Number of protein chains: 2
Amino acid sequence: MPQNHNIAAALPAPVRRTGRDSPLFVGSLEKGLKIFQAFDDTHRALRLTEIAHATGLDKSAAQRFTHTLYELGYLRKDPKTKHYRLAPKVLELGFAYLRTDTLVERAMPYLLEAAKSSEETVNLTELDGTNVVYVARVPSRHQVTVDVVLGTQLPAYCLASGRAILAFQPAEQARATLERSERVSYTGRTVTAVEPLLTSLNEVRRTGYALCVEEYTPGEISVAAPIFDFARQPIAAVNISVPMARWTLSAVERRLAPIAIETAQAISRAEGGHATLPPLLRNAPPKHRAR
Amino acid sequence: MPQNHNIAAALPAPVRRTGRDSPLFVGSLEKGLKIFQAFDDTHRALRLTEIAHATGLDKSAAQRFTHTLYELGYLRKDPKTKHYRLAPKVLELGFAYLRTDTLVERAMPYLLEAAKSSEETVNLTELDGTNVVYVARVPSRHQVTVDVVLGTQLPAYCLASGRAILAFQPAEQARATLERSERVSYTGRTVTAVEPLLTSLNEVRRTGYALCVEEYTPGEISVAAPIFDFARQPIAAVNISVPMARWTLSAVERRLAPIAIETAQAISRAEGGHATLPPLLRNAPPKHRAR
DNA sequence: TATCTAGTATCGTATTTTAATACAAGTTCG
DNA sequence: CGAACTTGTATTAAAATACGATACTAGATA
């Protein structure tokens, strides 16, 4: 009987007990994690005031959370300059994920093979909300890039890997994701309207791979194919990105798209134990001719 | 006037206002971070009760912190089984470190070169307390290992990389680190007593590299050389580990030790801008010899 | 030397977390 | 098949905890 009372009736939202307004939500933890986000490649060493500014915390809060992380070994401090830096211990946090993710270790051999046969950098990405996250990467000999790319989150709607995953989700789910994405035009060639995006997803379903030309990075062509879990849900994508300086669109479709598709299929099989493809993928080109 | 009262006088420690007993220490943040540590390769999906048990938190606390991390996107939850998993977003945390660490990106080209000429896996490690942390790794063609090794913390006292760093620290500091290490014999060949360890550090100083044979991993030989920062402090190490099945001790010393040393020197130069070696590396004793 | 600015320490207060408990939903066992 | 678990979720009263204003210290600036 003690439910919604008098006053609550006047308000549009009755009580609000969900999400971060729940009494279960611990604000201190959120604030503490914000400290980590203050650091990036352009802000490698920060002083207390800078941390406070970057996180939006006041001086006292920044002091307390910084102190706590320092005591726990996640932060180092230069006693002279008072600059704080992230300590190597934070790597433990991030790599804990890779250790818990069965996908990465199962996929790695296939990614290596794909990198070898394509002679290009091959990425493994997962969907996280409206973003795509790089969880593994096998660099080619062409670019001697440092693997700081891992962990990077980029918007799914304008990446080949994102579209490869979205295309094989239930239609409403994909639409919902697209709609709540903040769709920015990065290059001028970026497709930002929902309807055209949904159309391109149809194409992805038809061909079995997604293709993006300069939609996020200028001068870059990217192909991707979806990976399915045991429940045949698209959970990740194999993606190969190449510079237009070295590749034409048709060469990518002819040479790289099949590699992406076959690698993704192999990983799907390894992941779920299914020897056959998910039905959705059938129409495409692969080895066993469809229908 | 309202200071130390009656009862306090009886206690040996007056007030205690340091470390995690400081009023600045936010316990909630510590507890929240414990949640992450509950997950590893053998505990990939956990239920609430299991998290509570693994972290030592009670049910309510586990519920609150889990809920918070879930809302923030660091945790995923299977609505059916109620299993929690780490979300890819945690990668952002860990890789934030690599992006802030200038060492990694500067070292990478040299590590690649070393991997090429040695045809073995080359690691870059940093010291964090009594442990060594793997911050970069260039795999050879021999072992197709997944790079879950990154971020791993291993005890410095029994690793070549750890000894390479400790050997060039001020003597008391090295001794202190060794003494507070929990020195376990992993293989039977592990040196655990402080005095012999200090003796081996002398040898490292003399030769410029550290060599460990089966001290942590059975069947493995490991060489390492120290990297110095602009202040000529040893901050990291280049390390090459190889199986005894393919390598003899003398071959490692003859072929790999020079590569480790030269790579480490090149990185030291790149790091601090010094064209010459730190004097410490020359043969042994530090500039001001102590008593 | 005076005046900043930034880091550190203190402390009363009330906001937040806490932990006990009640409730719901699903499992196991007699 | 229902009783007695176990486990997840929601609610609360109580107080411990985190808060943030402020004072203090030290170094930089002018």
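Below, chains carry the letters A, B, ... as their sequence lines are ordered, and counting in each starts from 1. Only a predicted model underlies this, so the values are computations on that prediction, with no experimental measurement involved.
The CZ atom of A:F65 sits 9 Å away from the P atom of D:dG20 (whole-angstrom rounding). Summarising the geometry, the separation between CG on B:D78 and C1' on D:dT7 is reported as 15 Å, rounded to the nearest angstrom. The distance between atom CZ of B:R47 and atom P of C:dG26, rounded to the nearest whole Å, is 14 Å. Regarding A:L48, its CG atom lies at a distance of 14 Å from the C1' atom of D:dG20, rounded to whole Å. Atom-to-atom, CD of A:E71 to P of C:dT8 comes out at 12 Å; the value is rounded to the nearest Å. Taking atom CG of B:L46 as the reference point, atom P of D:dT7 lies 13 Å away to the nearest angstrom. Spacing between atom NE2 of B:H67 and atom P of D:dA10 amounts to 9 Å, rounded to whole angstrom units. Rounded to an integer number of Å, the gap from A:Y70 OH to C:dT8 C1' is 14 Å.
Salt-bridge formation is detected for the pair B:R44/A:E105: a Lys NZ or Arg NE/NH1/NH2 atom is positioned less than 4.0 Å from an Asp or Glu carboxylate oxygen.
For the side chain to side chain donor-acceptor pair (under 3.5 Å) test, residues two or more places apart in sequence or in another chain that qualify with B:K77 are B:Y84. Listed by chain and number, the residues in a side chain to side chain donor-acceptor pair (under 3.5 Å) with A:E30 are A:R20 (sequence neighbours excluded). Applying the side chain to side chain donor-acceptor pair (under 3.5 Å) criterion to B:Q169, with sequence neighbours excluded, gives no partner residue. When the side chain to side chain donor-acceptor pair (under 3.5 Å) test is applied to A:D58, no partner is found at least two apart in sequence or on another chain.
Each of A:S28 and A:K77 has a nearest nucleotide on DNA chain C; the 5'-most of these lies closest to A:K77. Residues B:T81 and A:K31 both approach DNA chain D. Their nearest nucleotides, taken by heavy-atom distance, put B:T81 toward the 5′ side. Mapping B:A61 and B:L24 onto DNA chain C by nearest heavy atom places B:L24 closer to the 5' end of the strand.
Looking at the side chain of A:T49, the nearest of the listed nucleotides C:dG7, C:dT8, C:dT17 is C:dG7. Taking only side-chain atoms of B:K82, from C-beta outward, the nucleotide of D:dA18, D:dG8, C:dT10 with the closest atom is D:dG8.
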Please list, one pair per line, the donor and acceptor atoms closer than 3.5 Å that link side chains of residues 46-54 of chain B to other protein atoms, with sequence neighbours excluded.
unit_1 : atom_1 : unit_2 : atom_2 : d
B:E50  : OE1    : B:R47  : N      : 2.7

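The residue A:K80 sits apart from the nucleic acid: no heavy atom pair falls under 4.0 Å.
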Under 3.5 Å, which protein N or O atoms sit close to an N or O of nucleotides 21-27 of chain D? Give each pair with its distance.
unit_1 : atom_1 : unit_2 : atom_2 : d
D:dA21 : N7     : A:S60  : OG     : 3.4
D:dA21 : N6     : A:S60  : OG     : 3.4

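Taking the ring centroids of B:Y70 and A:F25, they lie at or beyond the 6.0 Å cut-off.
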